Amino acid sequence: MTARIQVLQGDITQLDVDVIVNAANPSLMGGGGVDGAIHRAAGPALEEACAVVRQQQGTCPPGHAVITHAGNLKAKAVIHTVGPVWKGGDAHEASLLEQAYRNSLQLALDNGYQSVAFPAISTGVYGYPKPAAAEIAFHTVERFLTFHRTPEKVWFVCYDEENARLYKRLLSQQGDDVDA
Ligand code: ADP
């Protein structure tokens, strides 16, 4: 049995997976951090695709997710999800972060994609404390995979040392119990 959850440290734009998830902002305009890196690597076609979504659906509120093509990336699609801005913990941040992961996975499932890579949503500019965010991300994905066969595999791609350590610890605690 192969573990369905994997953790690696690196640049998410380089991954050869079906779907890369972007930690977007509500305007879907591209920005700094992982969002900027994804837009730079994907090229201007991604910005155009985001503009079409924005025209059709308006802005993307926290917890929601939308899907576009992936421009020049190796991935087949990008799912843009908006995490919560950390405001101290009493502004529904945990449930919005959970929704961002769950809605992204549901979109991947709806489109039949089997491999999905997530960055550590909200843990950069949005300021979500990394340990708490990692717990939510890991357990939300784990729960979803327990109930669904698609996606078959999920990668947590950590850019920084602290997130890599946190996710690796969660993975080692869980062992292989998410295997179908
Ligand atoms: P947010 O606004 O949701 O906080 P950021 O892009 O500022 O989004 O940060 C989210 C996480 O993405 C941070 O942990 C940051 O270290 C990480 N990150 C930045 N660039 C990359 C990249 N190229 N690949 C993967 N993760 C990245």
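Both ligands and their constituent atoms are indexed starting at 1 by order of listing. No experiment lies behind these values; they were computed from the predicted model shown. Below, each value reflects all heavy atoms present in this structure, side chains not excepted, and no hydrogens, waters or symmetry copies.
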Where is the nearest protein heavy atom to atom 4 (O) of ligand 1: which residue, which atom, and how far? G124 N, 2.8 Å

Can you tell me if A24 contacts ligand 1 (heavy atom of the residue under 4.0 Å from the ligand)? no

Could you tell me the residue and atom name of the protein heavy atom closest to atom 11 (C) of ligand 1, and the distance to it rounded to 0.1 Å? A120 O, 3.3 Å

Compute the shortest N/O to N/O distance between C158 and ligand 1 and return yes if it is under 3.5 Å, no if not. no

N/O separation below 3.5 Å, P119 to ligand 1: no

Using a 3.5 Å cut-off on N or O atoms only, is Y159 in polar contact with ligand 1? no

State if T13 counts as touching ligand 1 under the rule of any non-hydrogen atom under 4.0 Å. no

Which ligand 1 atoms, with their elements, are less than 4.0 angstrom from a heavy-atom of D11? 22 (C), 23 (N), 24 (N)

Please verify whether a non-hydrogen atom of G83 lies at under 4.0 Å from ligand 1. no

Can you check whether G127 has an N/O within less than 3.5 Å of an N/O in ligand 1? no

Here the atoms of ligand 1 under 4.0 Å from any heavy atom belonging to A37 are 23 (N)

Using a strict cut-off of 4.0 Å, indicate which atoms of ligand 1 neighbour a heavy atom of N163. 14 (O)

Full working for side chain to side chain contact (heavy atoms under 4.5 Å, CB included) between I67 and V78: CA-CA 6 Å; I67 190 165; V78 173; over 6 Å; no

